[in-house]
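First the proteins, then the strands, lettered A, B, ... as listed; each starts at 1. Because the structure is a prediction, the values reported are computed rather than measured.
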2 protein chains.
Amino acid sequence: MSVQERKQRERASRERLIVATARELAEQQGWDAVTTRRLAERIEYSQPVLYSHFRGKREIIGAVALQGAAELATAVRAATSAADGPRARVAALARAYLDFAARNPAVYDALFQLDGGLAYAREDTPEPLKDAFAALLECLAEVAGDGVDAGLFTEVFWASLHGLATLTRADRLLPEYAESRVELLVDRLVVL
Amino acid sequence: MSVQERKQRERASRERLIVATARELAEQQGWDAVTTRRLAERIEYSQPVLYSHFRGKREIIGAVALQGAAELATAVRAATSAADGPRARVAALARAYLDFAARNPAVYDALFQLDGGLAYAREDTPEPLKDAFAALLECLAEVAGDGVDAGLFTEVFWASLHGLATLTRADRLLPEYAESRVELLVDRLVVL
DNA sequence: CTCGATTGTCTAGCAGTGCTAGGATCGAGT
DNA sequence: ACTCGATCCTAGCACTGCTAGACAATCGAG
């Protein structure tokens, strides 16, 4: 039995290597540079090996996305729990979110920009994605305002952050307003 | 001279045909289906002809984007001018924007999701793009609130709309909340 | 200790992509 | 009528995601 277990461990380890390498390559040179050939070469295996772990490139993107979702949730929770008062918590959440998107553009793309073959906003949504949304909701529920559904409010707030994140990174907004945008958004959307 | 003029007209007409066909194809089957071969076949010329009009596929996307920007500006202005009162105008703007994104997904992608090789938020930004932003600003300036820069407010409002538009289309938000999201966003961001 | 079967991996290749070099063809101006 | 430049197409390059089939290493049974 232990032989099979060792092989399973090795397989799992190689799978992690694939995901980590894909992420690294995407972060360094963008997802366009993540080709199956380059990825295979970096992990020092041939291309078909990739397909024994994942159905295709899309699933590899999805794996990176799931990893990113978990990290995003952690980052958001760390930021919010370190802040005092509802207003400060939401501001910290917004900054943590945008910071994550700015520091991990490729992961952010995998999560929300590219097709990783993942289901969102459904029952069969993978746990990390649900949890990332939950991390936002936990903090935002207390400032949604009376009679406003927390889920609805979270969707709106999240969409605004997502818009800021993507448009900022695509150089479609003025850089000098970056901080003011966050302040304005938080001040207006939050009900204290 | 008239011979050259005729040729110029024919060239311009063929260029319009290329852009229109690319847009049509993208709207029908998505931008992935817009390959140089398919596009060439549809306009009944060989691929190299495309490259005598545009530097490459990216520039074709850019051309569709510019066309879309003009239409978006028109749609927004039409919607806002037909509404009474600041609150109603902004709500109409939001709905018109989201409606445009929903009805012309490929064009919206060309504008804000794909790389069309266009410069945004700069002096050398093409006129249609500046004008589309201006259309938003015209309406939003009156509800930015005291002491808040109209440009800053427009960026935030636009980013929120963009987030809603993209996340909605990617099935990342609950469909039943669609209308509520717009209401909530407008109510909170607008200062009457 | 050997032999067949199974597992794992790689080489080679397919159909498709964006893009371009070079030759053929056409038509305008002399 | 002829030249010559503009215009267009054929053919091909290097690349993409993905896969069939050959090959080698490993394992269990006799």
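- Taking the ring centroids of Phe153(A) and Trp158(A), they lie at or beyond the 6.0 Å cut-off.
- Side-chain contact check for Asp109(B) versus Trp31(B): some heavy-atom pair is nearer than 4.5 Å.
- Here the P atom of nucleotide dC19(C) and the CD1 atom of Ile60(B) are 8 Å apart, to the nearest Å.
- With respect to the salt-bridge test (charged N to carboxylate O, under 4.0 angstrom), the residues Arg89(B) and Glu142(B) qualify.
- Salt-bridge check for Glu155(A) with Arg172(B): failed, with every basic side-chain N at 4.0 Å or more from each acidic carboxylate O.
- The shortest non-hydrogen separation linking Ala22(A) to Leu39(A) is N-CD1, 3.6 Å.
- Considering every non-hydrogen atom in both Ala75(A) and Ala96(A), the closest pair reads O-CB, 4.1 Å.
- For the pair Arg14(A) and Tyr45(A), the distance from NZ or CZ to the six-membered ring centre is under 6.0 Å and the angle to the ring normal is within 45 degrees.
- Atom P of nucleotide dT7(C) and atom CZ of Arg11(A) are separated by 12 Å, given to the nearest angstrom.
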Distances under 3.5 Å only, N/O to N/O: pair up the protein atoms with those of nucleotides 22-24 of chain D.
none

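- Taking a cutoff of 4.0 Å between a charged side-chain nitrogen and a carboxylate oxygen, Arg77(B) and Asp131(B) qualify as a salt bridge.
- Near DNA chain D, meaning a heavy atom under 4.0 Å from it, residues 107-120 of chain B has no residue at all.
- Interface residues of residues 28-58 of chain A facing DNA chain D, ordered by number: Val34(A), Thr35(A), Thr36(A), Arg37(A), Arg38(A), Gln47(A), Pro48(A), Tyr51(A), Gly56(A), Lys57(A); criterion, heavy-atom separation under 4.0 Å.
- Within a 6.0 Å radius of CZ in Arg55(A), no more than 12 heavy atoms belonging to other residues, nucleotides or ligands are found.
- Remark: aromatic rings of His162(B) and Tyr108(B) are close, center separation under 6.0 Å.
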